[in-house]
Structures are given as C-alpha cells and as structure tokens.
Amino acid sequence: MNDIHHLKNLGPKSALMLQHAGITSLSQLKALGAISAFLRVQDAGLKPSLNLLYALEGALQGEHWQVVAKNMRAQLLIELDAAIESRKTVN
C-alpha cells in the first residue's frame, strides 16, 4: 500500500479514500495540505465527512483528530469555505 496508512488518525478506509483521489504518499499529502487533500477526495466522487478533514490535519500535525476538531474546527471550516468559494470564482 502506501505510507499514508501509517499516519496517526488515518486507517485503511481513509488511506483508500486518499488513494482513490490520487494521493498515495506523505509527501503529496504534505504538499497539498489537509484542505486541498479533502477537496481532492470530494472531487474523486467520494463523500467524506468533516472527520476526514480533521484526521488529515491531525495526521499532518501529529495530533489526534478529536483534538484538532476541538481546537481548530472553526479555522479549518473557514479555510474550507474559502477554498470552495475560490473554486467557484475560478470556474
């Protein structure tokens, strides 16, 4: 498989979603960041919950996803909304 499934918070299901979205390495995940990776999963036709967003951010920061959800929820949701709005203005 890939090195993503070894990251904190990302189990086999999350790793499979990322793989389906073309994200197969930690370096790709780091380059994309949690928001872009989450959007790529959506673009791949999957319907991830926000827990995946928190898990991705937690994996990148070495934090448990629930800590991320508690401490960074508002910031991540604002960034996600901004990324979605940005896509609308480009298209």
Side-chain angles (χ1 to χ4, degrees):
M1 194 159 209
N2 57 52
D3 58 343
I4 290 178
H5 73 283
H6 292 295
L7 292 173
K8 185 176 201 158
N9 303 314
L10 300 180
K13 185 176 178 182
S14 298
L16 201 57
M17 292 175 93
L18 291 170
Q19 185 176 20
H20 188 71
I23 304 166
T24 58
S25 70
L26 176 56
S27 61
Q28 283 179 298
L29 181 58
K30 284 181 177 180
L32 286 167
I35 301 290
S36 293
F38 181 82
L39 291 172
R40 272 220 185 158
V41 170
Q42 285 185 328
D43 291 345
L46 303 172
K47 298 188 185 299
S49 72
L50 289 174
N51 288 343
L52 178 64
L53 176 62
Y54 307 139
L56 291 169
E57 185 65 27
L60 291 170
Q61 296 203 15
E63 292 284 343
H64 191 277
W65 72 269
Q66 290 175 328
V67 172
V68 170
K70 180 180 176 187
N71 296 336
M72 299 182 64
R73 177 185 307 236
Q75 177 186 341
L76 286 170
L77 293 178
I78 289 168
E79 290 177 22
L80 180 60
D81 284 344
I84 291 169
E85 283 301 312
S86 173
R87 288 172 146 207
K88 289 178 183 175
T89 60
V90 170
N91 294 329

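- A donor-acceptor contact shorter than 3.5 Å links the side chain of Thr89 to the backbone of Ser86.
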Listed pairs under 3.5 Å, donor-acceptor, residues 47-63 side chains, sequence neighbours left out:
from, atom 1, to, atom 2, distance (Å)
Ser49, OG, Asn51, N, 3.2
Glu57, OE2, Gln61, NE2, 2.4

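- Of the inter-residue distances, the one linking Leu10 atom CG with Ile4 atom CD1 reads 7.5 Å to the nearest 0.5 angstrom.
- In this view, Ala31 satisfies the side chain to side chain contact (heavy atoms under 4.5 Å, CB included) rule with no residue, not counting sequence neighbours.
- The nearest pair of heavy atoms linking Ala37 to Leu32 is N-CB, 4.2 Å.
- Looking at residues two or more places apart in sequence or on another chain, you find a side chain to side chain contact (heavy atoms under 4.5 Å, CB included) between Gln28 and Ile23, Thr24, Ser25.
- Summarising the geometry, atom CE belonging to Met17 is positioned 6.5 Å from atom NZ belonging to Lys13; distances are rounded to the nearest 0.5 Å.
- Pairs of residues two or more places apart, or lying in two chains, never qualify as salt bridge (Lys or Arg N to Asp or Glu O under 4.0 Å) while including a residue from residues 14-27.
- Contact detail for Ile35 and Ala83: the closest heavy-atom pair is CG2-CB, 3.8 Å.
- Put simply, Leu80 and Leu46 are part of the same group of oily side chains (I, L, V, M, F, W, Y) that touch within less than 4.5 Å, one to the next.
- Applying the side-chain hydrogen bond (donor to acceptor under 3.5 Å, both in side chains) criterion to Glu79, with sequence neighbours excluded, gives Gln75.
- Contact check for Ile84 versus Leu39: side-chain heavy atoms found under the 4.5 Å cut-off.
- Among pairs with a residue in residues 36-45, those fulfilling salt bridge (Lys or Arg N to Asp or Glu O under 4.0 Å) read Asp43-Arg87, at least two apart in sequence or across chains.
- In this view, Ala44 and His20, Ala21 satisfy the side chain to side chain contact (heavy atoms under 4.5 Å, CB included) rule, not counting sequence neighbours.
- In this structure Asp81 satisfies the side-chain hydrogen bond (donor to acceptor under 3.5 Å, both in side chains) test with no other residue, sequence neighbours excluded.
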